[in-house]
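Step one of this worksheet: look at the structure below.
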Amino acid sequence: DTEVTQTPKHLVMGMTNKKSLKCEQHMGHRAMYWYKQKAKKPPELMFVYSYEKLSINESVPSRFSPECPNSSLLNLHLHALQPEDSALYLCASSQDLAGGLGTQYFGPGTRLTVL
Amino acid sequence: AQSVTQLDSQVPVFEEAPVELRCNYSSSVSVYLFWYVQYPNQGLQLLLKYLSGSTLVKGINGFEAEFNKSQTSFHLRKPSVHISDTAEYFCAVTRDSNYQLIWGAGTKLIIKP
């Protein structure tokens with residue numbers, strides 16, 4: 001089973017709202033990732049968690065705040081977003097960070113629209 | 001620095017015809033190679049990967065790819081495409097010691113009836 005689930009599937013929010021995206025995997029993977037994908041472009045890495053600790057923050061604005069409550073869950077808290085933040089947000093997980101165990105499996109994504 | 005080139009932004013092909021999607025990478029060290037598929041309005045699905053061993057890799061949905069170290073290529077092939085193969089295909093590369101996927105720009109496969 002290589003399933004990563006994400007909720008919600010779609011989200012519309014205003015610039016003053018606070019919302020959260022949720023990602024879950026039950027494959028025992030110890031690395032989890034958040035990506036942002038604009039239309040017709042490859043995904044851009046935002047954050048990497050390894051063993052529930054934030055390993056990488058790719059200079060993402062503070063209006064995006066990740067959280068890893070346990071080894072199966074990854075959240076992305078959103079606050080005061082801008083219309084240009086509208087995109088598909090993808091979660092991924094891998095057994096470990098690098099090497100042959102670093103194969104990343106993606107969820108279906110959350111389509112975010114910021115009004 | 002590593003880079004991945006997908007030479008074709010779009011590849012139109014008739015249904016039941018063969019297809020090849022090209023991917024070239026630049027790296028002086030050992031790499032791992034991946035092809036992902038993204039169907040319309042969906043997430044990314046791993047099609048196949050090359051980590052080591054046989055250079056011909058078979059994936060899901062009848063796709064296969066061949067790793068060619070001398071030509072630094074990892075082209076994706078399918079002998080007979082179906083309308084359901086309409087999607088965006090991304091090639092990606094990572095180094096052994098690195099978590100970060102380096103992505104190609106993507107190739108849109110368009111199946112003509």
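Chain A is the first sequence line, chain B the second, and so forth, proteins listed ahead of strands; every chain is numbered from 1.
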Ion pair present between A:K40 and B:E88, side-chain N to carboxylate O less than 4.0 angstrom?
no
Pick from A:R111, A:Q104, A:K41: which one has the most heavy-atom pairs with chain B under 4.5 Å?
A:Q104
Shortest non-hydrogen pair, B:V81 vs B:D85, comes out as CA-OD2, 3.5 Å
If I measure from the heavy atoms of chain B, does A:E58 come under 4.5 Å with its side chain, its backbone, both, or neither?
side chain
Does any heavy atom of chain A fall under 4.5 Å from the side chain of B:L46, the backbone, both, or neither of them?
side chain
Does a side chain donor of either B:S84 or B:Y39 reach within less than 3.5 Å of an acceptor in the other side chain?
no
Is any NZ, NE, NH1 or NH2 atom of the basic residue among B:E20 and B:R77 found under 4.0 Å from an Asp or Glu carboxylate oxygen of the other?
yes
With chain A as the partner, which of B:Q100, B:Q45, B:Q42, B:K49 has the greatest number of non-hydrogen pairs under 4.5 Å?
B:K49
Less than 4.5 Å to any heavy atom of chain A: does that hold for the side chain of B:Q38, its backbone, both, or neither?
side chain
Please determine whether a side-chain nitrogen of the Lys or Arg among B:D8 and B:K108 lies less than 4.0 Å from a carboxylate oxygen of the Asp or Glu.
no
